[in-house]
Amino acid sequence: MAKYFSNKLMVCLLPLFLVLIGCGAINQRPVSPAPDNYGAINQRSVSPAPDNSVVKAALFKEFDAIPIMPGALSNNDCHLNEKSISMLIDCSYTTNSSYAEIKDFYDTQLKKLGWQFIGEEKVYDWDRDYGGKFLHYKKGNFTADVQYAGEKANYGWTYAFDIEWELEDSVKNEFALIPIMPNAKEEKRNFTSDGLTASSMSMKAYYTTPSSDQAIKAYYDTQLRAHGWTYDRTEGTASNGQELTGQTIVYRKDNNLTAKLTFATGKNSPNRTYYFTIAPAI
């Protein structure tokens with residue numbers, strides 16, 4: 001998300017009520033934290049956030065690695081918008097360079113640092129076409145956007161660059177990285193979220209398999225550790241109205257996410273059953 005939304009939603013200016021309450025140096029670009037009420041979230045509905053310190057440090061590191069385009073001038077318009085379920089660093093610049101030159105510079109720099117190009121789209125300002133464009137990139141659980149205002153635009157900036165992390169993407173991406181165990185059949189999968197709080201968010205799937213609990217444990221322990229997870233604890237399994245037996249094994253990643261492997265024997269199932277869940281660490 002840069003200065004405008006995509007054409008699918010129409011595009012509108014980011015709120016102009018951001019208040020500068022501090023500065024930090026990012027490639028000599030001061031970044032101002034957004035006020036606590038940014039986005040007008042009902043504070044009564046916001047649960048305690050996971051520890052995002054590691055994610056925040058990684059976000060700043062990625063942002064620092066991208067150089068400013070030669071000849072581009074910062075408008076001193078850089079902001080850090082930090083919420084419990086997302087983080088965004090956003091800056092805007094002025095330059096005499098063309099869109100083709102801006103695109104070529106950032107495409108080269110981002111790909112050199114391991115970013116994957118996702119796509120390009122036109123940007124409209126309330127149905128007005130000023131020649132605006134969006135370039136979208138992805139790296140792990142981060143996204144990056146380059147937004148060109150358009151040759152007919154008069155916004156006081158030529159292009160904007162942002163890097164963003166969203167907890168929802170992180171949960172879904174990490175879940176997708178862990179392959180289903182061989183001989184296991186996925187019976188159900190669902191993602192839940194209210195869009196506001198970390199505590200409401202999870203990706204969960206239910207599987208059946210003839211494999212033993214020990215084989216399941218060994219498989220997921222290997223897969224999770226290979227993807228940067230560490231064992232945290234083993235706890236009892238709540239029944240939740242079902243006839244469940246076994247344990248829940250908990251792993252953590254970056255002090256931000258938990259993965260849970262829950263074992264159960266269905267009352268009418270001859271196969272072993274288990275649940276695999278990834279959710280915010282709260």
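Remember, predicted model here, so these are calculated numbers, not experimental data. Sequential numbering from 1 along the given sequence is applied to the chain's residues.
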Can you sort out the partners of K217 under side-chain contact (heavy atoms from CB on, under 4.5 Å), two or more places apart, ordered by chain and number? Q214, Q247, I249, F263
If I compare all heavy atoms of A149 with all of Y155, which pair ends up nearest, and what's the gap? CB-CD1, 3.8 Å
Measure across V171 and P280 and return the closest heavy-atom pair with its distance rounded to 0.1 Å. CG2-CD, 4.3 Å
side-chain contact (heavy atoms from CB on, under 4.5 Å) evaluation trace for W229 with L257: CA-CA 9 Å; W229 294 81; L257 296 175; 3.7 Å; yes
Derivation and outcome, ring pair (Phe, Tyr, Trp, His ring centres under 6.0 Å), residues Y207 and F276: CA-CA 8 Å; Y207 304 94; F276 181 64; 7.5 Å; no
Say whether L167 and F60 are linked into one hydrophobic cluster, either directly or through other cluster members, by side-chain heavy-atom distances under 4.5 angstrom. yes
Between Q147 and F161, is any pair of side-chain heavy atoms under 4.5 Å apart? no
N190, CG: over 12 other non-hydrogen atoms inside 6.0 angstrom: yes
With sequence neighbours left out, what residues match Y99 under ring pair (Phe, Tyr, Trp, His ring centres under 6.0 Å)? Y148
Would you say the side chain of K253 lies within less than 4.5 Å of the side chain of E174, judging by non-hydrogen atoms? yes
For atom NZ of K152, is the number of surrounding heavy atoms from other residues, nucleotides or ligands below 6.0 Å larger than 12? no
So, N141 versus N173: side-chain donor-acceptor pair below 3.5 Å or not? yes
Checking side-chain contact (heavy atoms from CB on, under 4.5 Å) for the pair I102/T95: CA distance, chi angles, key distance, verdict? CA-CA 9 Å; I102 296 170; T95 178; 4.0 Å; yes
I'd like to know if the side chain of T222 reaches the main chain of A218, judged simply by a donor and an acceptor atom lying under 3.5 Å from each other, with no hydrogens or angles considered. yes
Just checking Y206 against Y274, ring centres under 6.0 Å apart? no
Minimum-distance pair of heavy atoms, taken over all atoms of S170 and W165: CB-NE1, 3.6 Å
Is R128 paired with D125 through a side-chain N to carboxylate O contact shorter than 4.0 Å? yes
Considering all heavy atoms of both residues, which atom of T94 and which atom of T158 are nearest to each other, and what is their separation? CA-OG1, 3.3 Å
Would you call K188-E186 a salt bridge at under 4.0 Å N-O? no
Classify the side-chain pair Y251/D221 by whether it contains a donor and acceptor separated by less than 3.5 Å. yes
Does a donor on one side chain and an acceptor on the other come within less than 3.5 Å for T197 and D194? yes
Under 4.5 Å between any side-chain heavy atoms of Y106 and I66, yes or no? yes
Heavy-atom check, side chain of W157 versus side chain of Y93, under 4.5 Å: no
I want to check something: taking the side chain as every heavy atom from C-beta on, are Q116 and Y137 in contact at a cut-off of under 4.5 Å? no
Shortest non-hydrogen pair, S86 vs E166, comes out as CB-CG, 4.1 Å
Side chain to side chain contact (heavy atoms under 4.5 Å, CB included) partner of K103, chosen from L135, V146, T108: L135
Quick one: does F191's side chain get under 4.5 Å of E168's, heavy atoms only? yes
Could you tell me whether a side-chain N or O of K185 sits under 3.5 Å from a main-chain N or O of E187, the two making a donor and an acceptor? no
Joint hydrophobic cluster, I216 plus L177, side-chain heavy atoms closer than 4.5 Å: no
Hey, are T192 and S202 close enough side-chain-wise for a donor-acceptor pair under 3.5 Å? yes
Derivation and outcome, side-chain contact (heavy atoms from CB on, under 4.5 Å), residues W115 and E62: CA-CA 10 Å; W115 291 81; E62 291 289 350; 3.6 Å; yes
Rounded distance (nearest 0.5 Å) linking atom CZ of F175 with atom CZ of R189: 4.5 Å
Shared hydrophobic cluster for F63 and L113 (ILVMFWY, side-chain gaps under 4.5 Å): yes
Please answer: with hydrophobic residues joined when any side-chain heavy atoms are less than 4.5 Å apart, are I180 and I278 in the same cluster? yes
So, do H79 and I89 sit near enough that their side-chain heavy atoms are less than 4.5 Å apart? no
For E235 and T248, does a side-chain donor sit closer than 3.5 Å to a side-chain acceptor? no
Side-chain contact, heavy-atom cut-off 4.5 Å: Y159 with C91? no
Contact summary for A160 and D90, nearest pair of heavy atoms: CB-OD1, 4.2 Å
Residues K56 and E82 bridged, charged N to O under 4.0 Å: yes
Return yes if a side-chain donor-acceptor contact under 3.5 Å exists between Y231 and T234, otherwise no. yes
Does D145 form a side-chain contact (heavy atoms from CB on, under 4.5 Å) with F134? I'd like the steps, not just the answer. CA-CA 7 Å; D145 292 321; F134 251 131; 3.9 Å; yes
